[in-house]
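None of these values were measured; they are calculated from a predicted model. Hydrogens, waters and symmetry mates play no part in the numbers below; they use all other heavy atoms, side chains included. Just so we're on the same page: letters track the sequence lines, and every chain starts at 1.
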Amino acid sequence: MARILITSALPYINGIKHLGNLVGSQLPSDAYARYMRAKGHEVMYICATDEHGTPAELAAAKAGVPVSEFCADMHVVQKDIAEGFRLSFDYFGRSSSDRNREITQHLAAALGREGLIDVVSEKQMYSHADGRYLPDRYIEGTCPNCGDDKARGDQCENCTKQLDPTDLINPRSAISGSTDLEVRETKHLYLKQSTLRDTLDKWIDSQEGWPILTTSIAKKWLHDGDGLRDRGITRDLDWGVPVQFEGAPWSGMEGKVFYVWFDAPIEYIAATAEWADETGAGDAAWERWWRTDKGADDVHYVQFMGKDNVPFHTLSFPATLMGSAEPWKLVDFIKSYNWLTYEGGKFSTSQGRGIFMNQALDIFPSDYWRWWLLSNAPESSDSNFTWESFQGGINKDLADVLGNFVSRVTKFCRGKFGEEVPAGGSYGEAEAVVTAEIAKRLKAYEANMEAVELRKAAADLRAIWASGNEYLQAAAPWTLFKESPEDSAAIIRFAFNLIRLYGVLSAPYIPDASKAILAAINAEDAAWPDDIEAALSALQAGHAFTTPEVLFAKITDDRREELEAEFAGDD
RNA sequence: GGGCCUGUAGCUCAGUUGGUUAGAGCAGAGCGCUCAUAACGCUUUUGUCGUAGGUUCAAGUCCUACCGGGCCUACCA
């Protein structure tokens, strides 16, 4: 038994996330966590809301509530939605927690002691009308290069030229439109990542089997131009972890907070501590996951994220932990995802294109979404959501291949033998063939799960389901029943054992359906199979069952067209 | 501009360190079955593996150039 630490990238607090966010970290990490638990490993699966930063403050202002209240409310909303999708976090924390403040400050102080923090004086735009400093992106103006009047302070979207806010002609606040801006001198802490460049480079090189997407992004940042640059880790904001605190090795940083990207990954650690606090498990309980001097040495740590998150997880966060010179557990495997597109285009909040997590749950059961998204996860390149593909996947895979298999077996049995697993007859060649087939597929399924290839593993799982239909068709118990009910009974008995096995194996992908299947056949034993033959004889003659209702209702063409229209967006 | 990824059957994708007749699912066609959510099974059509060169006994797989699609480029998170 291994100990597996799993973290999903933190969803940002400013609104409800769409399906692209879901498939890029939370969903695959959940399937992985469920699989690892089923295999008997000790799992700690952590996620949290990422609550700091300018967008959170602005969203709160727009909603007309204090930012702390806004975050508290949105945290509950996101937590409920996560439960709706059956995301099985051991703890869903908040980056605004006391624990995160404590650990973030602790790590910053350690970095300071190690000489990895610089105090840098820089110029920032201050907006009088907004009463705040504005990040470069929140300043708009006319591009000095191409004359586009919607250029942002970091880059002109039109001509792609990199800009400095002071380059803009007629700069204005992107929030209020105010031109009452002032360049102010302000001090910030910088993490001297450049010092750790070689260490990080070697560390990345020593990793095996990481997705190309992960390593290529990390390498780009390490080697592009002058190499890895130092990074500002503080901001002039109100909401966040205070930079000036008791024991801080710097002074004069009152009123500033750590940059959201500094404290967000630390929340993985802090959320584990929050879990220990809430369960009363004590500090040792979380430290054994995170401190290699306190038991975390044998932990296998896997992170899940969209590709936008990769630089922070491959470089900044490891630099923070390594640089502290304390024995923190570093990540062992970074799984990164490409984007999910919607009907060939981008998901767009502003244009109302695409599907948000709350809407999705209103339309179909979570298993539908889980299955389609995971079996089409953007693992090798971007993948595209279309209602047609969704309909096809659900109807074919879930309704026809799996659902109908359960249905045809249970209904046939009820009609011919009654609602208990029938006795009589014996197994022969056909059972041996399908058992061998499933054993082979299961091996592939497990190998792909271990390798965090969720899309491929889904195809293996589907093949396992399909083998049941092949078996049934070849064995034809309905024909045999006429001359030899006993032999027919043996086939049905075996088919019931397939159903049970499917219930067990499907749980990482479709937990609700899995539960429904196992409940219908009254299966007490839902353990992951070690021995496939033993697993296929768990249900004995006389075992009572109930015939389930339709497990997966099909999506009709009319319904699909309705949804296509409903989600087409404004334009 | 620089970098990365990607281009394989009508569609979505697999193709391990280059090695015999290039695979799966969906869609299409034919046959079979009739227990089942008109579900299932079997058989089957289609490919100059983006284009042009090159390396090699041998290339979808390696190299170069070009064409198409996407992403990243450090103050959104």
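Of the candidate nucleotides B:rU37, B:rU12, B:rC75, B:rU12 has the atom lying nearest to any side-chain atom of A:R455. When distances run from any side-chain atom of A:T479 to the nucleotides B:rU34, B:rU37, B:rC35, the shortest one goes to B:rU34. You'll find that the side chain of A:Y190 is closest to B:rC75, out of B:rA77, B:rU37, B:rC75. Closest to the side chain of A:D400, out of B:rC42, B:rC72, B:rC40, is B:rC40. In the set B:rG32, B:rU34, B:rC75, the nucleotide with an atom closest to the side chain of A:Q473 is B:rG32. Comparing atom distances between the A:K482 side chain and each of B:rG70, B:rU37, B:rU34 picks out B:rU34 as nearest. Of the candidates B:rA74, B:rA77, B:rU37, B:rA74 carries the atom nearest the A:R231 side chain, counting heavy atoms from C-beta on. Closest to the side chain of A:W221, from the set B:rU34, B:rA36, B:rA74, is B:rA74. Nearest nucleotide to the side chain of A:P135, out of B:rC13, B:rC75, B:rC71: B:rC75.
One P atom belongs to B:rC40, the other to B:rA36, and the distance between them is 14 Å to the nearest Å. Nucleotides B:rC13 and B:rU6 have their P atoms positioned 13 Å apart, rounded to a whole Å. Rounded to a whole angstrom, the distance from the P atom of B:rC26 to that of B:rC66 is 41 Å. The separation of B:rA24 from B:rC33, taken at their C1' atoms, amounts to 24 Å, rounded to a whole angstrom. To the nearest whole angstrom, the two C1' atoms, one in B:rU73 and one in B:rU56, are 38 Å apart. As rounded to the nearest Å, B:rA29 and B:rU46 have C1' atoms that lie 12 Å from one another. Taking the P atom of each, B:rU17 and B:rG70 are spaced 30 Å apart, rounded to whole Å. Rounded to the nearest Å, the gap between the P atom of B:rA52 and that of B:rG19 is 23 Å.
At a threshold of 4.0 angstrom between heavy atoms, the contacts of A:L134 with the nucleic acid are absent. Contacts of A:K416 with the nucleic acid, taken as non-hydrogen atoms under 4.0 Å apart, are absent. Across all strands, A:E379 comes closer than 4.0 Å to no nucleic acid atom at all (heavy-atom distances). Residue contacts for A:P311: at a heavy-atom cut-off of 4.0 Å it reaches no nucleic acid atom on any strand shown. Across all strands, A:D50 comes closer than 4.0 Å only to sugar-phosphate atoms, never to a base (heavy-atom distances). Contacts of A:N404 with the nucleic acid, taken as non-hydrogen atoms under 4.0 Å apart, include base atoms. Residue contacts for A:K220: at a heavy-atom cut-off of 4.0 Å it reaches a base atom on one of the strands shown. A:G227 comes within 4.0 angstrom of a nucleotide base, judged by non-hydrogen atoms across all strands. When heavy atoms are screened at a 4.0 angstrom cut-off, A:Q124 is found touching base atoms of the nucleic acid. A:S380 comes within contact range of the sugar-phosphate backbone alone, with a heavy-atom separation under 4.0 Å but no base atom that close. At a threshold of 4.0 angstrom between heavy atoms, the contacts of A:V550 include nucleobase atoms, whether or not backbone atoms are also involved. Counting non-hydrogen atoms under 4.0 angstrom, A:S216 reaches the backbone sugars and phosphates but no base. As judged by a 4.0 angstrom heavy-atom cut-off over every strand, A:W261 is placed among the base-contacting residues. Across all strands, A:S389 comes closer than 4.0 Å to no nucleic acid atom at all (heavy-atom distances).
OP1 or OP2 of B:rC40 has not a single side-chain nitrogen or oxygen of A:Y471 nearer than 4.0 Å. Dashed line: the shortest gap from a side-chain N or O of A:K411 to OP1 or OP2 of B:rU37 is under 4.0 Å. Regarding contacts with the backbone of B:rG15, a side-chain N or O of A:K456 is found under 4.0 angstrom from either OP1 or OP2. When the side-chain nitrogen and oxygen atoms of A:K396 are compared with OP1 and OP2 of B:rC40, one or more of them lie within a distance under 4.0 Å. Side-chain N/O atoms of A:R462 include one lying less than 4.0 angstrom from OP1 or OP2 on B:rC26.
Nucleotide B:rA65 has B:rU51 as its partner under the Watson-Crick or G-U criteria, with both atom distances under 3.5 Å. Nucleotide B:rG32: paired with B:rC40 (Watson-Crick or G-U wobble, both distances less than 3.5 Å). If you check B:rG23 for Watson-Crick or wobble pairing at under 3.5 angstrom, you find it paired to B:rC13.
Atom P of nucleotide B:rC26 and atom CH2 of A:W372 are separated by 16 Å, given to the nearest angstrom. The interatomic distance linking A:W478 (CH2) with B:rG32 (P) rounds to 16 Å, in whole Å. Taking atom CD1 of A:I204 as the reference point, atom P of B:rC4 lies 16 Å away to the nearest angstrom. To the nearest angstrom, C1' of B:rA36 lies 9 Å from CG of A:L472. In this structure, CD1 of A:I217 is placed 13 Å from P of B:rU6, rounded to the nearest angstrom. One atom, CZ of A:F481, and another, P of B:rU34, lie 15 Å apart when rounded to the nearest Å. Straight-line distance from the NZ atom of A:K554 to the P atom of B:rA39: 4 Å, rounded to whole Å. The separation between A:Y337 atom OH and B:rC4 atom C1' is 20 Å, rounded to whole Å.
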Could you walk me through whether A:Y268 and A:H313 pass ring pair (Phe, Tyr, Trp, His ring centres under 6.0 Å), step by step?
-> CA-CA 11 Å; A:Y268 294 144; A:H313 288 79; 5.7 Å; yes

Could you give me the CA-CA distance, side-chain angles and deciding distance for A:W387 and A:F385, then say whether ring pair (Phe, Tyr, Trp, His ring centres under 6.0 Å) is met?
-> CA-CA 7 Å; A:W387 287 104; A:F385 176 93; 5.1 Å; yes

Please report the C-alpha distance between A:D164 and A:T166 in whole Å, then the side-chain angles of each, then the deciding distance to 0.1 Å, and finally whether the side chain to side chain donor-acceptor pair (under 3.5 Å) criterion is met.
-> CA-CA 5 Å; A:D164 197 77; A:T166 52; 2.8 Å; yes

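RNA chain B is contacted by both A:E549 and A:H52; A:E549 maps to the nucleotide lying nearer its 5′ end (nearest heavy atom per residue). Nucleotides of RNA chain B nearest to A:G53 and A:S407 differ in position, and the one nearer the 5' end is that of A:S407.
By the 6.0 Å and 45° rule, A:K335 stacks over the aromatic ring of A:Y337. Both the sub-6.0 Å distance and the 45° axial angle are satisfied by A:R235 relative to the ring of A:Y259.
Classification of A:K554 and A:D400 as a salt-bridged pair holds, one side-chain N sitting under 4.0 Å from a carboxylate O. Ion pairing between A:R152 and A:D154 holds under the 4.0 Å rule for side-chain N and carboxylate O.
Taking the six-membered ring for Trp and the full ring otherwise, the centers of A:F405 and A:Y471 sit at least 6.0 Å from each other.
By the criterion of a centre-to-centre distance under 5.5 Å and near-parallel planes under 30°, the ring of A:F412 forms no stack with the base of B:rC35.
Donor-acceptor pairing under 3.5 Å, judged by distance alone, is absent between the side chain of A:R408 and the base of B:rA39.
Taking every heavy atom of both residues into account, A:P11 and A:Q26 meet most closely at CG-NE2, 3.6 Å.
Proximity of A:L398 to A:W465: side-chain heavy atoms (C-beta onward) are separated by under 4.5 Å at one or more points.
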